[in-house]
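The next block holds one structure in the form of C-alpha cells; read it before the comments.
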Amino acid sequence: MLTEQEQQAIGEELRHYPQPRAAVSEALKIVQRHRGWVSDESVRDIGAALDLTPAEVDSVATFYSMIFRRPVGRHVILICDSVSCWIMGANPLQAHLAATLGIQPGATTADGRFTLLPCACLGACDRAPALMIDDDLHVDLTLEKLGELLEKYA
Amino acid sequence: MDRPLTQHIRPDREPLTLREYEQVGGYQAARQALQAAPRDVTDQVLKASLRGRGGGGFLTGQKWSLVPPDDGSGQPKYIVANGDEMEPGTMKDRWLLEGQPHQLIEGLLLGAYAIQARVAYIFLRWDYKLAARRLQQALAEAYAERLLGAHILGTDYQLDMVLHTSAGRYMCGEETGLLNAIEGRRANPRNKPPFAVTCGLWGRPTAINNVETLCCIPHIVQRGGDWFRSLSRSPDEGGTKIYGVSGRVRHPGLWELPLGTTARELLEEHAGGLRDGYVFRGLLPGGASTDFLVAQHLDVKLDFSSVEKAGSRLGTGTMVVLDDRTCPVGLVLNLMQFFARESCGWCTPCREGLPWLARTLQALEDGQGTSADLDLLDAHVQTIRMGHTFCALAPGAMAPLGSALKYFRRDFERHVADQRCPWRAP
C-alpha cells in the first residue's frame, strides 16, 4: 500500500503531464525516497495508481539505473568509472573502496551501511576522480581522502 | 573579451536571485520579445548562426522554423531543455545549471515564445542535485513574479515550465529517447521521420534544445544576432562556447571562449598543458563519441565545420586528453564498456555488437588478443554506422575506436605481439 504521503506526492506529479503514465519515473523515485528501494508490491501499487500494468511499471523501473529494485544500504556510493575519472585513477580508487568495505561492486555491506555502485560519468570530469554518496558530490579524490569521507556517513 | 553566458556566475556562491538577475539585465530580453512577434526571436537566432551546443550542431533558428504554426486543435506544442549531460567527459551544462538557473529559464521562455509552446520541460539528469534545487527555487521565483504561468508580463502568452529529473540513463540524452523518457517509457529511440519538431511529446510538435544553446538566447535577443555572431572567430558559426578540458593536464576546467578557439590555445594556454612528466598523445574534442584528434590537429579551430574537416566532431566541446602514460587500448575499452552498458538494447548491432567489441578489447588488454581481433575491430567500425542502427549511440561508440585504430595502430599491434598491455607492469 502506498502511504498517504506517497499518494499525495504522486498526485502532485500528475498535474505536470497530460497522461498519468508520464509520472511513473517520478512515482518510482517518490517510493524509493520513502522506502529506500522499490519492491514488487510497490510496483503493483504504482501501477494501480497510474492505471498501468505491473509489467509496464517494471519495464521502466528496470530500465533506469537509479531505480533500485533490491534493497540498498543506508548510504549509496556511486563511483564514476567513465573515461576522465578512469584516466585519473578511478580503478585503484574503486578497488580500495571495495577492499575497505569488504564488498564487491554492486553489493551492500553486512551492517547495511553502504552499497557500492559503479556508475556512468557524473559530469565532474575537471575534478576527477569523483563519486557521489547519497545526494552529495565528492571530487578530486585520493585514497587518503576516502577514509575520512566514509566516516561522515554513519 | 565578452563572456555573456558566464560573466555573472560566482564560484562557490549561490546563483543570482531573480532580483539580482534583473539588476544585471536579466529578463529584459523576455520583456522585449513578448511585445513583438514570435517570429522576431527566431529571426535573430537565425542571424546569430547559433548551432546546437549539445553535440549535433543543428542551426537552432532553423529547428524552430520547422515547428509548424498552431493547428487550431487546442493541443499544446512543447519545448524541452535537454540537461541530460551524460556524455562522458562532459561537465559544461552543470556550470550553467548550477551557476545561473534564471538564464536558462529565460532562454527557455524565449524559445517557447518563438515556437508558441504552452508547456516547457527542463529535462535534468538525476545526479545534478544542486542544479535541481537551484532550478526549483528559480522556477518558484519566476512563477511568483508572473514570468511564468498565465498572462506572462501582462501579455496573453501562457507557459508552464516543469522540472523533470530523470533516473539515470545515457539514452535519455538522445532526442527521441528523451521523448520516451518524459512520457514515462523506456528511453528507447523512435524512428525518424517524423522528427520531434513535428511529432514529439504525445505526438505534438516539440523543440528540443541543449541547455547551453538556450542560455545563449537571452543575449541574442537583447543584443542582436549580428553582435552574437561577431563573438565567434569562425565565419559561419556565431557565439562563444563553453569549452572544457579533463585528463592529466595542469589545470583541468571550463572556460567560455570565442567559438573557433584552437585546440592548442585551449589545451596549452587555458588548461596549462600536460602535467610534468606527461606527453600529449591525442584528444577527444567533444566527449566519448567523437573521433580522436592528434598532434597534427592542434591548430584546428574548435568549431563545428573545422573539427568536422579534421575528421572528428566538435560534439559538446569538452575535450578529454590522452597522455603517454595512459594506454589508448585501455581508454577505448573503458569507452566501449560504457557504451555497451548504456545501450538500450533496442537494435541488434548495438545490443550485440558493443559487448562483443568490449570483450575483444578486454582480451587485447589481458594479453590474449590475436591479429584477427584487429581485423574484427576494423570490420565493426565499417559495419556499425549510421543507417545500420536505430540511433547514433553505436555509431558514436565507433568514433573513438575507429580513430584509435588509425592513430594508435602500433599500440594495438604491440598488445598482440607482446601478448600483454605495454602499460601494465609485467
Side-chain angles (χ1 to χ4, degrees), chain A residues 13-29 32 38 46 50 52 56-68 78 80-91 117-132 134-137 139-140, chain B residues 75-76 85-94 119 121 125-130 160 162-172 181-188 201-202 244-248 251-254 284 287-288 318 320-323 326 330-331 334-335 337-338 341-342 344 400:
Chain A
E13 289 300 328
L14 285 172
R15 295 190 300 123
H16 295 147
Y17 308 96
Q19 288 178 10
R21 173 195 283 271
V24 66
S25 65
E26 289 302 329
L28 288 162
K29 284 191 290 182
Q32 186 164 292
V38 179
I46 290 170
L50 301 179
L52 296 170
E56 285 173 312
V57 176
D58 210 18
S59 78
V60 173
T62 53
F63 186 86
Y64 295 91
S65 1
M66 293 307 150
I67 302 297
F68 305 137
L78 296 168
C80 175
D81 65 4
S82 289
V83 62
S84 302
C85 284
W86 176 79
I87 292 172
M88 301 304 286
N91 277 7
L117 300 175
C119 75
C121 182
L122 289 170
C125 320
D126 51 342
R127 296 170 283 169
L131 60 73
M132 281 179 82
D134 304 333
D135 287 355
D136 313 325
L137 177 70
V139 297
D140 293 320
Chain B
Q75 299 296 310
E85 188 153 83
M86 272 191 75
E87 182 77 15
T90 304
M91 60 297 188
K92 69 184 181 70
D93 292 335
R94 182 197 278 272
V119 182
Y121 290 105
R125 69 174 293 188
W126 180 90
D127 324 61
Y128 282 7
K129 301 287 183 186
L130 182 61
D160 283 312
V162 176
L163 178 65
H164 179 101
T165 55
S166 184
R169 204 66 197 267
Y170 179 61
M171 266 306 295
C172 298
I182 293 183
E183 289 186 10
R185 303 167 194 276
R186 296 164 77 90
N188 296 331
L201 284 173
W202 299 286
V245 182
S246 65
R248 287 199 177 109
H251 312 295
L254 288 159
L284 300 167
T318 45
V320 179
V321 176
L322 171 69
D323 61 82
T326 299
L331 188 146
N334 175 277
L335 296 175
Q337 286 168 333
F338 166 83
R341 195 169 66 190
E342 293 298 328
C344 74

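Within every chain, numbering begins at 1; the chains are lettered A, B, ... in the order of the sequence lines, protein sequences first and strands thereafter. Bear in mind that the values here come from a model prediction, so they are computed numbers and not experimental data.
- Annotation: maximal heavy-atom pairing with chain A below 4.5 Å, among B:L130, B:V320, B:D160, B:L284, occurs at B:V320.
- Of all non-hydrogen atoms in B:A187 and A:Y64, the two that sit nearest each other are N-OH, 3.6 Å.
- B:R186 is linked by a salt bridge (charged side-chain N to carboxylate O under 4.0 Å, His left out) to nothing, counting only residues two or more places apart in sequence or in another chain.
- Between A:R127 and B:M91, the closest side-chain pair of non-hydrogen atoms is not below 4.5 Å.
- Among A:A22, A:A124, A:A27, the residue with the largest count of heavy-atom pairs under 4.5 Å with chain B is A:A22.
- Contact of B:T90 with chain A is made through the backbone alone, with heavy-atom distances under 4.5 Å.
- The structure places CZ of A:R21 at 8.5 Å from CD of B:E183, a figure rounded to the nearest 0.5 Å.
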I'd like a table of donor-acceptor pairs (distance under 3.5 Å, sequence neighbours excluded) in which one partner is a side-chain atom from residues 80-90 of chain A, with atom names and distances.
| from | atom 1 | to | atom 2 | distance (Å) |
| --- | --- | --- | --- | --- |
| A:D81 | OD1 | B:R341 | NH2 | 3.0 |
| A:D81 | OD2 | B:R341 | NH1 | 2.9 |
| A:S82 | OG | A:C121 | N | 2.8 |
| A:S84 | OG | B:S246 | OG | 2.7 |

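- Interface check for chain A: of the options B:T165, B:V321, B:L254, the most heavy-atom pairs under 4.5 Å are formed by B:T165.
- For a residue to count as touching a neighbouring chain, one of its non-hydrogen atoms must lie under 4.5 Å from one of that chain's; by this rule A:A120 touches chain B with backbone and side chain alike.
- At a 4.5 Å heavy-atom cutoff, the contact between A:S59 and chain B is made by backbone and side-chain atoms alike.
- Interface remark: B:C172 contributes side-chain atoms only to the contact with chain A (heavy atom separation under 4.5 Å).
- With a 4.5 Å cut-off on non-hydrogen atoms, A:L137 touches chain B through its side chain but not through its backbone.
- Top candidate by heavy-atom pairs under 4.5 Å with chain A, chosen from B:M86, B:E342, B:R248, B:K92, is B:R248.
- The backbone N or O of B:S166 lies less than 3.5 Å from a partner atom in the side chain of A:K29, making a donor-acceptor pair.
- A donor-acceptor pair shorter than 3.5 Å can be found between the side chains of A:Y17 and B:H164.
- Within the 4.5 angstrom heavy-atom criterion, only side-chain atoms of B:Y128, from C-beta onward, approach chain A.
- Contact count against chain A (heavy-atom pairs under 4.5 Å) is highest for B:R169 among B:R169, B:M171, B:H251.
- No part of A:E56 comes within reach of chain B, as not one of its non-hydrogen atoms sits under 4.5 angstrom from that chain.
- Annotation: maximal heavy-atom pairing with chain A below 4.5 Å, among B:Q337, B:E87, B:R94, occurs at B:R94.
- In this structure, the portion of A:L78 lying under 4.5 Å from any heavy atom of chain B is its side chain and not its backbone.
- To the nearest 0.5 Å, atoms CH2 (B:W126) and CG (A:D135) are separated by 6.5 Å.
- Across every non-hydrogen atom of A:H16 and B:Y121, the tightest pair is O-OH, 2.7 Å.
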